[in-house]
Amino acid sequence: MRYIYHLIVLYLTGHLIWSLVREKKFWKQAGIAMVLIMFLLRLFLIE
Amino acid sequence: MKAMLFLGLTLAISLLASREFLSMHRPDEIFPSQGLTASRMLSDYFPALKSTPGDTPVYVYEGKERGGHILILGGTHPNEPAGYITAILLAENIRVAKGKIIVIPWANASGFTHSDPQEGSPQRFDIKTISGRRWFKLGSRVTNPVHQWPDPTIYVNPMGQKLAGVEARNLNRAYPGKAHGNLTEKVAFGIMKLIKEEAIDLGIDLHESAPEYPVINAIVFHENSADLAALAQMELQAKGYEFRLEGSPPNLRGLSHREWGDEAKIKAILMETPNASHGRLKGKPSISLIVDGQDKYYERASRLGRLFVPFGPEGIPLKSRVGRHLAGLNAILKSLTELEPEKLVEVENMPDAAEVQARGIGASLR
């Protein structure tokens with residue numbers, strides 16, 4: 001179960017990083033970065 | 001280039017946040033008194049807990065003469081500080097001349113490694129002691145989901161009671177525990193094993209609850225402990241402490257005051273003090289709310305008659321709540337001796353409730 005969770009979070013984290021790189025607008029990038037922090041913490045199971 | 005800057009910033013903030021979160025995994029310090037006769041871990045009673053986040057220290061204070069065996073539990077709910085601060089206070093002060101007292105200050109050790117999400121609670125609070133400021137963690141009511149996940153939709157506890165999924169991580173719904181259950185059930189099972197192996201006569205579980213919750217300033221007792229609870233209540237009333245008596249509901253399963261009595265046949269008591277930082281009506285969560293216990297919203301609720309305890313501008317500080325627990329413990333031990341003289345537990349250097357309330361908790365801490 002834990003591996004499935006990691007895979008889902010890793011997949012979404014990858015998408016977020018990809019969006020951050022492709023996005024040109026400053027505030028949208030800032031928004032993505034904020035969400036990315038939480039996904040990174042989740043990815044490493046830091047609670 | 002801008003994206004790389006954002007990525008770098010994200011990593012830096014994540015690292016800083018990680019440090020904060022991971023600091024909760026370091027256990028708080030404790031300095032047991034010279035009366036300590038044995039320092040164990042819960043895994044010594046139930047080896048399956050060894051090297052798991054559920055393992056927790058057990059402090060044994062045994063007298064030279066025989067007497068009653070008492071178990072005192074703090075930190076069943078790590079967001080109820082008066083419970084575990086009272087347990088720490090005992091562990092750092094008492095000497096037992098007759099009988100045996102076992103103290104578990106952080107019963108749900110995993111719950112101390114995180115805080116309740118979306119509550120904005122501080123991770124720690126400080127108490128001024130003679131050697132300076134000492135910090136204590138404020139955890140969550142339940143086991144860390146990193147240690148026990150996922151929650152079921154409906155949790156069926158070891159006694160078959162159906163509860164909300166999150167209760168699967170609530171130690172006080174998991175008794176008598178399960179040897180092969182989830183982490184919380186294993187902790188409960190370990191405590192039950194300790195109760196049986198140490199031939200405990202009386203178990204006392206120290207809690208706190210919100211001022212708007214009816215079971216407050218209360219002694220909750222198993223029916224086998226009704227005489228003990230009633231006698232202790234009279235003793236407390238004589239000393240000016242108002243405690244209400246609440247019988248453990250026979251149909252509410254999985255709680256310490258029910259299953260310790262039913263399964264292990266020991267006298268079982270749970271005590272509750274009022275904690276504003278715990279409630280739904282509180283204002284901004286802060287260290288001051290935990291330690292000083294003042295809150296204008298609770299004050300207003302009290303004026304409107306919505307609370308089950310009086311709540312004035314002076315609030316209900318932690319020292320008063322810990323003092324209440326100490327007074328309750330004293331009265332229960334005294335009443336136990338009156339009812340069953342062979343179960344006498346003679347404790348020296350027990351922190352005095354009035355003194356803690358007058359001089360503060362720090363005066364009795366190292």
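Protein chains get the first letters and strands the later ones, always in sequence-line order, with residue 1 at the start of each.
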* Asked: Between CZ of B:Arg321 and NE2 of B:His278, what distance do you get to the nearest 0.5 Å?
  -> 10.5 Å

* Taking every heavy-atom pair that is under 4.5 Å apart, which of B:Phe21, B:Phe6, B:Trp149 has the most such pairs with chain A? -> B:Phe6

* Asked: Is B:Asp295 reaching over with its side chain to a backbone N or O of B:Gly283, donor-acceptor style, under 3.5 angstrom?
  -> yes

* Asked: If every non-hydrogen atom of B:Ala107 is compared with every non-hydrogen atom of B:Thr56, which pair is closest and at what distance?
  -> O-CG2, 4.0 Å

* **Residue part contacting chain A, namely of B:Pro117, when any heavy atom lies under 4.5 Å** => neither

Contacts table for residues 161-168 of chain B: side-chain donor-acceptor under 3.5 angstrom, sequence neighbours left out:
from     : atom 1 : to       : atom 2 : distance (Å)
B:Gln161 : OE1    : B:Arg253 : N      : 2.5
B:Gln161 : NE2    : B:Asn251 : O      : 3.4
B:Glu167 : OE1    : B:Asn170 : ND2    : 2.7

* **Greatest number of heavy atom pairs closer than 4.5 Å to chain B - which of A:Ile37, A:Val21, A:Ile46** => A:Ile37

* Proximal component of A:Phe26, with respect to chain B [non-hydrogen, under 4.5 Å] -> both

* To do: Answer yes or no: is there a side-chain heavy-atom contact under 4.5 Å between B:Ile191 and B:Tyr175?
  => yes

* Sort A:Leu40 into side chain, backbone, both or neither according to what part of it lies under 4.5 angstrom from a heavy atom of chain B. => side chain

* Asked: Side chain, backbone, both or neither: which part of A:Ile32 has a heavy atom under 4.5 Å from chain B?
  -> neither

* Asked: Nearest heavy-atom pair of B:Ile127 and B:Leu365: which atoms, and what distance?
  -> CG2-CD1, 4.3 Å

* Using non-hydrogen atoms only, which part of A:Leu36 is less than 4.5 Å away from chain B: side chain, backbone, both, or neither? -> both

